[in-house]
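What follows is a short report on a single structure.
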Amino acid sequence: MSPLAEQHFSSLQLLLKAPSKDVVRQLCTDSYPSRAHESRALIDNTARILSVSSTEAMQVLTAVHMLSHHVVYHNLSAPEQILSIFPDTFHPNLKNLLTKILLEQSTTWRNESLASQISLPQLVDMEWRVDMKTASDSVSRMAVPTCILHMKIQDSPHVSGSSCDSSVTVELSKETLDTMLDGLGRIRDQLSAVAGK
């Protein structure tokens, strides 16, 4: 089943007015980002290049945007898969050109989409050392080895607008470290079990 209605395919046919294949390729690339197809500058530029009205330019950009997002979302990676989206009456040369462009760009667009998703902070670097406590308010806690764990964390660039690193330093006793390592071992085993399936 096609993600586009008949009117979208009619709008895509306006790409036949493009002066070159490179212009079609550029319009596909420019219309992919979210809400880009609603950009007044892009609409005006498209209307000028294709010699169409602003309304028609917006319809073309919307149709290309929807088509490219459908290809990326459904991970269509074979020419036959993309070609099957188009109706039989669609212009064959334009159909082949759009299929070629979508195949070329889909990996890049997929990677951009994944990179722009909101995610939890990521561990970038970790350093550790073992220290001996030499001073404490209790004699029982003196000369006790502890682990100082320093972690660099990178926040998701989408959350704060730009990537930002922060540092976290924690002191772990032997018992706390044992508990943490036991928990991490269970997590590793579960990840291995899931990855092995």
Side-chain angles (χ1 to χ4, degrees), residues 1-124 153-165 194-195 197:
M1 180 167 172
S2 173
L4 304 175
E6 182 58 40
Q7 74 222 32
H8 294 120
F9 287 109
S10 297
S11 297
L12 284 174
Q13 300 266 20
L14 292 172
L15 290 171
L16 291 168
K17 295 183 175 189
S20 71
K21 293 177 181 179
D22 290 336
V23 169
V24 175
R25 180 176 280 106
Q26 191 60 48
L27 288 174
C28 290
T29 303
D30 291 346
S31 69
Y32 181 78
S34 291
R35 305 194 82 78
H37 61 289
E38 298 173 5
S39 161
R40 177 51 49 198
L42 183 58
I43 292 169
D44 292 343
N45 187 45
T46 303
R48 184 183 52 75
I49 290 171
L50 298 179
S51 301
V52 296
S53 69
S54 292
T55 303
E56 289 174 319
M58 185 172 183
Q59 291 169 348
V60 169
L61 293 170
T62 300
V64 172
H65 178 81
M66 291 176 64
L67 178 62
S68 59
H69 277 258
H70 177 79
V71 168
V72 170
Y73 181 78
H74 292 285
N75 197 20
L76 304 181
S77 55
E80 307 79 38
Q81 293 173 313
I82 297 173
L83 288 168
S84 69
I85 295 171
F86 295 94
D88 294 335
T89 57
F90 197 82
H91 191 280
N93 291 343
L94 182 58
K95 182 191 320 186
N96 290 335
L97 176 61
L98 287 172
T99 298
K100 181 180 176 189
I101 293 167
L102 292 167
L103 285 172
E104 289 172 357
Q105 296 295 322
S106 63
T107 302
T108 303
W109 290 334
R110 189 173 299 106
N111 291 339
E112 287 175 4
S113 295
L114 290 172
S116 67
Q117 287 181 340
I118 295 176
S119 63
L120 294 172
Q122 306 249 329
L123 179 64
V124 177
I153 310 292
Q154 183 179 50
D155 289 330
S156 172
H158 215 56
V159 173
S160 59
S162 66
S163 180
C164 123
D165 290 346
V194 170
K197 291 183 179 180

Inset, instruction - Would you list the pairs meeting ring-ring contact (aromatic ring centres under 6.0 Å, His included) in which at least one residue belongs to residues 49-69, sequence neighbours left out? - result: Tyr32-His69, His37-His65, His65-His69

Legend entry - Where Pro19 and Val23 come nearest, the two heavy atoms and their spacing: CG-CG2, 3.9 Å

Inset, instruction - Compare every heavy atom of Val24 with every heavy atom of Ala18, then report the nearest pair and how far apart it is. - result: CB-CG2, 3.6 Å

Legend entry - Nearest-0.5 Å distance, NZ of residue Lys95 to CZ of residue Phe9: 9.5 Å

Legend entry - Criterion side chain to side chain contact (heavy atoms under 4.5 Å, CB included) on Cys28 and Leu98, from CA distance to verdict: CA-CA 8 Å; Cys28 290; Leu98 287 172; 3.8 Å; yes

Legend entry - Over all atoms of both residues, closest heavy-atom pair of Ile85 and His70: CD1-CD2, 3.5 Å

Legend entry - Reported CG-to-CG distance for the pair Leu67 and Leu12, which is rounded to 0.5 angstrom: 6.0 Å

Legend entry - Rounded distance [0.5 Å steps], CZ in Arg25 versus OG in Ser20: 9.0 Å

Legend entry - Nearest heavy atoms of Ser54 and Ile43, plus distance in Å: O-CG2, 3.5 Å

Legend entry - Leu76, Val71, Ile82 screened by side-chain contact (heavy atoms from CB on, under 4.5 Å) with Leu103, the one that passes: Ile82

Inset, instruction - Take Asp44 and Arg48 through the salt bridge (charged side-chain N to carboxylate O under 4.0 Å, His left out) test and state the conclusion after the steps. - result: CA-CA 6 Å; Asp44 292 343; Arg48 184 183 52 75; over 6 Å; no

Inset, instruction - Report yes if the side chains of Leu94 and Phe86 come closer than 4.5 Å at any heavy-atom pair, otherwise no. - result: no

Inset, instruction - Drop me the distance from Thr46's OG1 to Gln26's CD, to the nearest 0.5 angstrom. - result: 10.0 Å

Legend entry - Nearest heavy atoms of Trp109 and Ser68, plus distance in Å: CZ3-CB, 3.5 Å

Inset, instruction - Ignoring hydrogens and angles, tell me if any N or O in the side chain of Ser10 forms a donor-acceptor pair with the backbone of Glu6 under 3.5 Å. - result: yes

Legend entry - Shortest non-hydrogen separation from Ala57 to Ala47 and the atoms involved: CB-N, 3.6 Å

Legend entry - Rounded distance (nearest 0.5 Å) linking atom CG of Leu27 with atom CG of Leu50: 6.0 Å

Legend entry - CD on Gln81 to OG1 on Thr99, rounded to 0.5 Å: 11.0 Å

Legend entry - Leu123 vs Ile153 side-chain heavy atoms within contact, under 4.5 Å: yes

Inset, instruction - Using atom types as modelled and distance alone, determine if a side-chain donor or acceptor of Gln105 lies under 3.5 Å from a backbone N or O of Leu102. - result: no

